[in-house]
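Read the structure below first, then the notes.
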Amino acid sequence: MSKLLEVKNLKTYFYTDDGVAKAVDNVSFSLDKGETLGLVGESGCGKSVSALSIMRLIPDPPGKIADGEIFFKGKDILKVTEKEMQSIRGNDIGMIFQEPMTSLNPVFTCGDQIEEAVILHQKLSKEEAKKKAIEMLKLVGIPAPEQRYNEYPHQLSGGMRQRIMIAMALSCNPELLIADEPTTALDVTVQAQILELINKLQKELGMGVIMITHDLGVIAEVSTKVVVMYASKVAEYGLVDQIFYNPKHPYTIGLLNSIPKLSKTKARLATIEGNVPPPTAYPKGCHFCTRCTFVIDKCWTEPPPAVEVEPGHISACWRVDEIDKLKESYLQPAV
């Protein structure tokens, strides 16, 4: 089966006064139709820039896709013209952007903003587009859709605005949906509703989905495959069960161990010390070496190669062969 999306050795750089910020550096992953790929990592690891690169929405200047290939349905979309990309963007590939509070235009009604893509890509009349917009509002579970159609974003709650963003992204029945932290800043019950909605629509429409989030619980619930990103690089990549039950990278282990557990043990919650380094000042070797518990001399000077540790499971760590023994001692002692 041909891949719906295949990203190969993607490099997206920003040229700033402080130097070249390598926001995405040699990133590769793939997605089949109907699958959900989870992109996880801390803020500043390159998740959103990867998504914007797929959409070709990197601001130039200062940003530029310096190298790599992005195949969508077998075609390298980095080589198509901007006009061709406009017909793909919003039509074949939809995106739910971060922060619906700021991503929606405050001077247009919700209905107008959903209609725009439908009129552009599906060549519907204004009346047909209005009918389609109201159908989308119903589809995403917004009550009184005819009323909401004429309302402005500031008149809606955060959860409602997030649903409007989903309605916009799905209005042209895309084959690929990129959801950039669709549940951030929403309360837990609304988060569950949004995830259930995306899952339901994915099954109905047969979409591939890229889910970007900090929340490992969300990733575990919805993803088929997981890409763990750290400081512009892919630290680990594999099926969701491989990542959660058999992690092979110190960063993944640190993320998993930092999740609070419902147990009676008195073990102190593990943390990853320090912060993600700025993209203009990454270490020469492994980007995680400044925070890694298992660091050795080689980590500081040589970037680790991506190694397949089992079929479909890749880790970029110099100590991957001994990681199982090392991770047993990772948790801090009980107090």
Side-chain angles (χ1 to χ4, degrees), residues 1-16 20-35 37 39 46-98 103-105 108 112-126 128-129 132-133 136 165-180 205-212 227 229 232 234 279:
M1 182 172 65
S2 61
K3 303 287 184 185
L4 176 63
L5 178 75
E6 197 164 8
V7 177
K8 293 183 175 181
N9 307 315
L10 178 65
K11 297 181 180 180
T12 303
Y13 298 165
F14 291 85
Y15 299 87
T16 72
V20 179
K22 297 182 178 181
V24 173
D25 195 13
N26 210 32
V27 166
S28 300
F29 56 81
S30 65
L31 179 70
D32 291 331
K33 190 171 183 178
E35 280 189 333
L37 175 76
L39 268 180
K47 306 184 302 297
S48 295
V49 175
S50 297
L52 292 172
S53 298
I54 294 169
M55 296 292 283
R56 272 181 51 180
L57 289 175
I58 299 297
D60 183 8
K64 185 179 180 182
I65 298 174
D67 199 5
E69 299 169 305
I70 300 175
F71 291 97
F72 178 67
K73 296 196 297 184
K75 178 188 285 188
D76 188 353
I77 56 177
L78 295 183
K79 293 181 178 176
V80 304
T81 64
E82 179 57 29
K83 187 173 182 181
E84 287 178 279
M85 193 62 209
Q86 285 176 0
S87 69
I88 294 171
R89 191 188 297 129
N91 189 29
D92 297 314
I93 306 175
M95 184 166 179
I96 305 168
F97 293 92
Q98 276 192 52
S103 296
L104 292 169
N105 193 320
F108 289 98
D112 284 338
Q113 295 186 62
I114 297 171
E115 283 178 4
E116 183 180 13
V118 178
I119 291 171
L120 176 65
H121 294 298
Q122 299 191 346
K123 311 301 182 187
L124 300 183
S125 67
K126 176 69 176 173
E128 290 171 329
K132 174 74 172 179
M136 292 307 302
M165 292 292 294
I166 295 172
M168 289 172 61
L170 297 178
S171 60
C172 295
N173 300 330
E175 294 181 63
L176 172 63
L177 175 68
I178 302 173
D180 192 355
L205 303 173
M207 297 182 300
V209 175
I210 296 177
M211 178 70 69
I212 301 172
V227 175
M229 288 191 70
S232 82
V234 174

Would you indicate whether the side-chain heavy atoms of Lys11 and Lys22 approach each other to under 4.5 Å?
no
Can you find a heavy atom in the side chain of Arg56 that is under 4.5 Å from one in the side chain of Val80?
yes
What are the two closest non-hydrogen atoms of Val24 and Ser50, and how far apart are they?
CG2-OG, 3.5 Å
Using 0.5 Å steps for rounding, measure from the CG atom of Asp180 to the CG atom of Leu39.
9.0 Å
Short side-chain to backbone donor-acceptor contact, Ser28 and Asn9, under 3.5 Å:
yes
Min side-chain heavy-atom separation Ile65-Leu78 under 4.5 Å
yes
Does some side-chain heavy atom of Asp67 sit less than 4.5 Å from a side-chain heavy atom of Tyr13?
no
Run through Leu37, Ile178, Leu176 and flag the one making a side chain to side chain contact (heavy atoms under 4.5 Å, CB included) with Leu5.
Leu176
Between CD1 of Ile77 and CZ of Arg89, what distance do you get to the nearest 0.5 Å?
9.0 Å
Can you measure from CG (Asp92) to CE (Met85) and round to the nearest 0.5 angstrom?
9.0 Å
If you measure from CD on Gln86 to CG on Asn91, what distance do you get to the nearest 0.5 Å?
12.0 Å
Evaluate whether atom OH of Tyr15 has more than 12 neighbouring non-hydrogen atoms of other residues, nucleotides or ligands under 6.0 angstrom away.
yes
Give a yes or no answer on whether the side chain of Glu35 reaches the backbone of Asp32 with a donor-acceptor pair at less than 3.5 Å.
yes
Check this for me, if you would: do Lys123 and Glu128 make a salt bridge, where the nitrogen-to-carboxylate-oxygen distance has to be below 4.0 angstrom?
no
Heavy-atom side-chain proximity of Val7 to Phe71 below 4.5 angstrom:
no
Would you call Lys126 and Glu115 a salt bridge, taking side-chain N to carboxylate O under 4.0 Å as the test?
yes
Indicate yes or no: at least one non-hydrogen side-chain atom of Lys64 is less than 4.5 angstrom from one of Thr12.
no
Treating Glu175 as the side-chain partner and Ile93 as the backbone partner, does any N or O pair qualify as donor plus acceptor under 3.5 Å?
no
Does CD in Glu116 sit with more than 12 non-hydrogen atoms of other residues, nucleotides or ligands closer than 6.0 Å?
no
Less than 3.5 Å apart, any donor N or O on the side chain of Ser87 or Glu84 sitting next to an acceptor on the other?
no
Any side-chain to backbone donor/acceptor pair from Asp76 onto Ile70? Under 3.5 Å, distance only.
yes
